[in-house]
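Report on the following structure.
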Amino acid sequence: MTRDDCAALDTADPLAEHRSAFALADGVIYLDGNSLGALPRATPARVREVIEREWGEGLIRSWNAARWIEAPRRVGGLIARLIGALPHEVICADSTSINVFKALAAALKLQAARPRVRARERRVVLSERTNFPTDLYIAQGLLALLGDRYELKLVDFDEVAEAIDNTVAVVLVTHVNYQTGAMHDMAAVTRRARDAGALMIWDLAHSAGAVPVSLNDCGADFAVGCGYKYLNGGPGAPAFAFVAERHLNAIAGDPFAQPLSGWLGHRAPFAFDPAYAPASGIDRFAVGTPSIVALAALEVGVQTVLAAGIDALRAKSVALTDLFVELVESRCAGFGLTLASPRTSADRGSQVCFAHEHAWPVMQALIANPARAVIGDFRAPDILRFGFAPLYVRYVDVWDAVEQLRDVLATRAWDRPEFKQPRTVT
Ligand SMILES: *Cc1c(COP(=O)(O)O)cnc(C)c1O
């Protein structure tokens, strides 16, 4: 494999043209689209239109005239196509953390209401020790609020399926692990949960827009996900929540099944009734007024993914990550890197991680490279994380990133005090 071979792969790449839909500087190899997706070129104009025309001129009339009020459902409906859901099962709202709270609360309440002899003994919320911490923190807070009727049980990534038994009320796991990129078999884990009578919540933060997901084919109960990673919605973009239609029907009679009962989840927000009565369907997973500017940016970001097609994106993502593993192992051998992601592409998402003793300064040196910045990120304690957003990462970028990595390691360019300074955001 040579750089020319990589250039030839780019020439033959059916997704190559999609890169021009993004504003990416020449001097940057961006391998962090799994943490913050790149800026679509269409976003600034759309956001300007929302601000200047819809807000500036339309003022409050735009809630109806520009259909602002429909934006959470409209964008949710687009995301539904990427995750194997029906349009009326997905809403864009709030952050992923808050959607974890809503989904877990609703799942626990559904479980408690089931006419099962042993329902009282289902006291376990099962998750992973290496799950993204916000999911665990939210679960801890909710369980404390519920008076410790439930216990959060944490197991290793590989132990999740086995640990699902009839003591488990809800399983809360992330499809693609943020730290290693390891991907669960969604169909198998969900089946196991259903067979044991547990409800399944999937966090799709590192899946939506990168990996085909079939929530309904797998029989998933709830899901949440993130708008600013592979969906390119911009920093702090709204997140999404999925609730299977059967559960939306099942909770219809319980006004507080989703306990963040804000006015926009009300059946008739503009009736201003003092008593809460939930909207039917997924609308009750809305809470307060949506951020319209942010939703407009997210809508453009989701369109960039839909335009490419999720199956083509996955095929390229597998090729990019396989190439990266192969090149790092062949060209950076002897520099203390250990693959921390699954070797088999079927078992991982769109990122590749290597452990290294000096991972933090190595990543700082890559980012600070004056010729071409290679932007990945660091995850404690020793992980170099590289994300491959197939919409805009090229095969030559993979080649060049590996050469820069080898250069940083071979010359010990990382071994300088400025690269060892801690930063707030890693
Ligand atoms: C990125 C990420 C989140 C983000 O949550 P926010 O509420 O948007 O900060 C949640 N869960 C997982 C698994 C993530 O990777």
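Computed from a predicted structure; not experimentally measured. Position 1 is the first residue of the sequence; numbering continues from there. All values below come from the heavy atoms of this structure, side chains included, with hydrogens, waters and symmetry mates left out.
For the side-chain contact (heavy atoms from CB on, under 4.5 Å) with Phe101, the qualifying choice from Asp135, Asp94, Val224, Leu145 is Leu145, the only one to do so.
In terms of heavy-atom proximity, Arg114 sits nearest to Gly197 at NH1-O, 3.4 Å. Residue Val393 comes nearest to Leu320 through the heavy atom pair O-CD1, 3.9 Å, listed as atom of the first residue, atom of the second, then distance. Taking every heavy atom of both residues into account, Asp10 and Ala16 meet most closely at O-CB, 3.6 Å. Among all heavy-atom pairs drawn from Ser97 and Thr134, the shortest one is OG-OG1, 2.8 Å. The shortest heavy-atom contact between Ile367 and Gly376 is CD1-O, 3.9 Å.
When only modelled atom types and interatomic distance are considered, Trp202 and Thr190 share a side-chain donor-acceptor pair under 3.5 Å. Looking at Arg379 and Thr426, their side chains do bring a donor and an acceptor atom within 3.5 Å of each other. Asn177 and Thr130 share a donor-acceptor pair across their side chains, judged by distance under 3.5 Å alone.
Thr96 places no side-chain N or O within donor-acceptor distance of the main-chain N or O of Ala239, the cut-off being under 3.5 Å. With Ser127 contributing its side chain and Leu172 its backbone, the two residues share a donor-acceptor pair below 3.5 Å. In this structure, the side chain of Gln179 engages the main chain of Ala380 through a donor-acceptor pair within 3.5 Å.
Asp397 has a carboxylate O that lies under 4.0 Å from a charged side-chain N of Arg372, or vice versa, which qualifies the two as a salt bridge. Taking 4.0 Å as the cut-off between side-chain N and carboxylate O, Arg73 and Glu70 do not count as a salt-bridged pair. Salt-bridge annotation for Arg46 and Glu54: present, with a side-chain N of the basic residue lying under 4.0 Å from a carboxylate O of the acidic one. Remark: Arg194 does not engage Asp221 in a salt bridge, criterion side-chain N to carboxylate O under 4.0 Å. In this structure, Asp13 does not pair ionically with Arg19, as no charged nitrogen and carboxylate oxygen lie closer than 4.0 Å.
The aromatic rings of His358 and His356 sit tilted relative to each other, their planes meeting at an angle between 30° and 60°. Between Phe222 and Phe285, the angle of the ring planes lies from 30° to 60°, which puts this pair in the tilted group. Between Phe324 and Phe354, the ring planes are perpendicular. Angles over 60° get that label, and only those under 30° would be called parallel.
For Phe378 and Trp360, the ring centers sit closer than 6.0 Å to each other. Aromatic ring centres of Tyr276 and His266: separated by under 6.0 Å.
Between Leu82 and Val302, some side-chain heavy-atom pair lies under the 4.5 Å cut-off.
Here CD1 of Ile91 is found 6.0 Å from CD1 of Ile282. Values are rounded to the nearest 0.5 Å. Note that the OG1 atom of Thr167 and the CZ atom of Arg123 stand 10.0 Å from one another [nearest 0.5 Å]. With rounding to the nearest 0.5 angstrom, the NZ atom of Lys109 is 13.5 Å from the CG atom of Leu104.
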